[in-house]
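Data block below; observations after.
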Amino acid sequence: MPELPEVEITRRKLLPLFVGKRLLQLEHRDPRRYRHTERVAGQRVEGIRRRGKFLLFALTEGWEMVVHLGMTGGFRLERTLHTRVAFQLEDQEVFFHDPRRFGRIWVVRKGDYQEIPLLLQLGPEPLSEDFRFHEFWLGLKGSQKPLKTLLLEQRLAAGVGNIYADEALFRARLSPFRRGRELTEAEAQRLFAALKKVLAEAILLGGSTLSDRTYQQPDGLPGSFQMRHAVYGRTGLPCPVCGTPIAKRVVGGRSTHFCPRCQGMHGLL
DNA sequence: CAGGGTCCCTGTAAGC
DNA sequence: TGCTTACAGGGACCCT
């Protein structure tokens, strides 16, 4: 699933393809999912930023194109069976591939995100200076929700999804069922540090490509962070630290992988 | 506000 | 072998 690391790798790979180029048009057949795309016609791409899992393309004349990859979205240099949008640039075409169609595109006036409420409510970027322990700690203290749920909400930190939430909790030795309010300051510090570490490492390794190869970089290369997964997708396999079989439970409607020994028995009793 | 459930989608894997 | 069902999940939305 594209989460912060995968979206960041995507952004870096897209820079040379898009920046400085004129977007002639976006060709697609789904105005419900890809909104107001006619507005890009003739605009030049000035840059690409990332906020959480969103890609923000700055266009000339005050327009901005916002792309969310959803669960299976990604850019490709070749047309595929699941090409949903063709980006026609002045010198080549780039394709948006999205088998499950959870991806979305909006073209808005720069900074006007009223159509994209999640983008407006996004928490700080976990790899930036805006990510401060004090606020993170206050956010945890103010909630009775399970840690897994809190991490997926995009409020404590932007861009964390199912894989990196599970991996960060494992590294912090915290049960996904623990409630924010219950954490000690030392535990919160562990989670804060683990999030930064796991996301930064994943970027260095090009993100996670699962066995379904859902995530690929635009040039078709896979990431390799999946080799470092300690818990995600490893149900029943031994914990790399203690050998206990990794458990899986549903938390907040998402499958959640954890080591019952290293992360405590919460939720298993 | 919190927590739970459903829906959107479709490829893949598991079960019969 | 071939068909059916379950499952995966980011996020919106609805209900209690």
Side-chain angles (χ1 to χ4, degrees), chain A residues 1-8 10 28-35 50-56 66-74 76 80-85 96-106 113-123 126 138-169 176-182 199 202 207-216 222-223 226 229 231-237 246-258 266-267:
Chain A
M1 332 300 124
E3 305 180 22
L4 186 154
E6 291 78 24
V7 179
E8 177 59 21
T10 299
H28 62 82
R29 290 182 288 185
D30 195 341
R32 223 175 62 249
R33 292 187 173 86
Y34 315 121
R35 310 203 22 114
R50 182 189 56 72
R51 268 293 277 141
K53 300 172 200 168
F54 292 91
L55 287 168
L56 309 173
V66 180
V67 177
H68 195 296
L69 303 177
M71 179 183 171
T72 57
R76 298 290 143 92
T80 69
L81 177 61
H82 300 298
T83 287
R84 309 299 181 193
V85 183
F96 184 62
H97 160 99
D98 186 18
R100 295 187 200 175
R101 308 182 203 239
F102 284 7
R104 296 288 184 273
I105 299 174
W106 303 259
Y113 304 136
Q114 58 182 38
E115 282 186 78
I116 320 169
L118 179 63
L119 185 50
L120 285 172
Q121 302 164 31
L122 226 45
L138 287 180
L140 287 169
K141 282 274 111 184
S143 175
Q144 313 224 44
K145 294 179 184 177
L147 295 178
K148 177 62 181 282
T149 302
L150 284 168
L151 290 177
L152 293 182
E153 280 180 349
Q154 311 298 305
R155 293 279 307 154
L156 287 179
V160 179
N162 213 30
I163 295 173
Y164 298 102
D166 284 3
E167 294 299 322
L169 287 166
F177 301 95
R178 291 283 296 284
R179 311 275 155 172
R181 180 167 289 185
E182 301 165 5
L199 294 169
S208 301
T209 296
L210 305 183
S211 57
D212 62 8
R213 296 189 54 82
T214 279
Y215 166 72
Q216 289 179 28
Q226 64 281 0
H229 291 181
V231 290
Y232 185 85
R234 300 193 65 251
T235 312
L237 296 173
I246 298 302
K248 179 165 85 162
R249 294 285 184 282
V250 173
V251 185
R254 293 291 174 259
S255 59
T256 298
H257 313 72
F258 61 102
H266 303 269

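Each chain gets a letter, A, B and so on, in the order its sequence line appears, and its residues count up from 1. Values below: every heavy atom of this structure, side chains too, minus hydrogens, waters and symmetry copies.
In this structure, the OH atom of A:Y34 is 12 Å from the C1' atom of B:dC8, given to the nearest Å. Whole-Å rounding puts the A:L81 CG to B:dT10 P distance at 10 Å. When rounded to the nearest whole Å, the span between NZ of A:K148 and C1' of B:dG4 equals 16 Å. Atom CD in A:E153 sits about 10 Å away from atom C1' in B:dA2, given to the nearest Å.
Put simply, A:R101 has a side-chain N or O that comes within less than 4.0 Å of OP1 or OP2 on B:dT10.
A:S255 pairs with exactly one of A:D166, A:T235, A:N162 by the side chain to side chain contact (heavy atoms under 4.5 Å, CB included) rule, that one being A:N162.
A:R101 places no side-chain N or O within donor-acceptor distance of the main-chain N or O of A:T72, the cut-off being under 3.5 Å.
For A:T80, the side-chain hydrogen bond (donor to acceptor under 3.5 Å, both in side chains) partners two or more places apart in sequence, or in a different chain, are A:T83, A:H97. With sequence neighbours excluded, the residues forming a side chain to side chain contact (heavy atoms under 4.5 Å, CB included) with A:R234 are A:L237, A:P238, A:P240, A:I246, listed by chain and number. Shown here are the side-chain hydrogen bond (donor to acceptor under 3.5 Å, both in side chains) partners of A:R104, two or more places apart in sequence or in another chain: there are none.
Ring planes of A:H68 and A:F54: perpendicular class, angle over 60° (limits at 30 and 60°).
With DNA chain B read from its 5' end, the first of the two nearest nucleotides for A:R32 and A:S143 is the one closest to A:S143.
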**Item:** Protein proximity profile, nucleotides 6-13 of chain C - base contact B, sugar-phosphate-only contact S, no contact -, cut-off 4.0 Å on heavy atoms
**Value:** --BBBBS-

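Within the structure, every pair that satisfies the side-chain hydrogen bond (donor to acceptor under 3.5 Å, both in side chains) test and touches residues 149-158 of chain A, not counting sequence neighbours, is listed here: A:K145-A:E153.
A:Q144 and A:R179 make their closest contact through O-CD, 2.5 Å (heavy atoms, listed as atom of the first residue, atom of the second, distance).
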**Message:** Dot-bracket, 5' to 3', for DNA chain B please: Watson-Crick or G-U pairs under 3.5 Å, [ ] where pairs cross earlier ones, | where the partner sits on another strand, dots elsewhere.
**Reply:** .|||||||||||||||

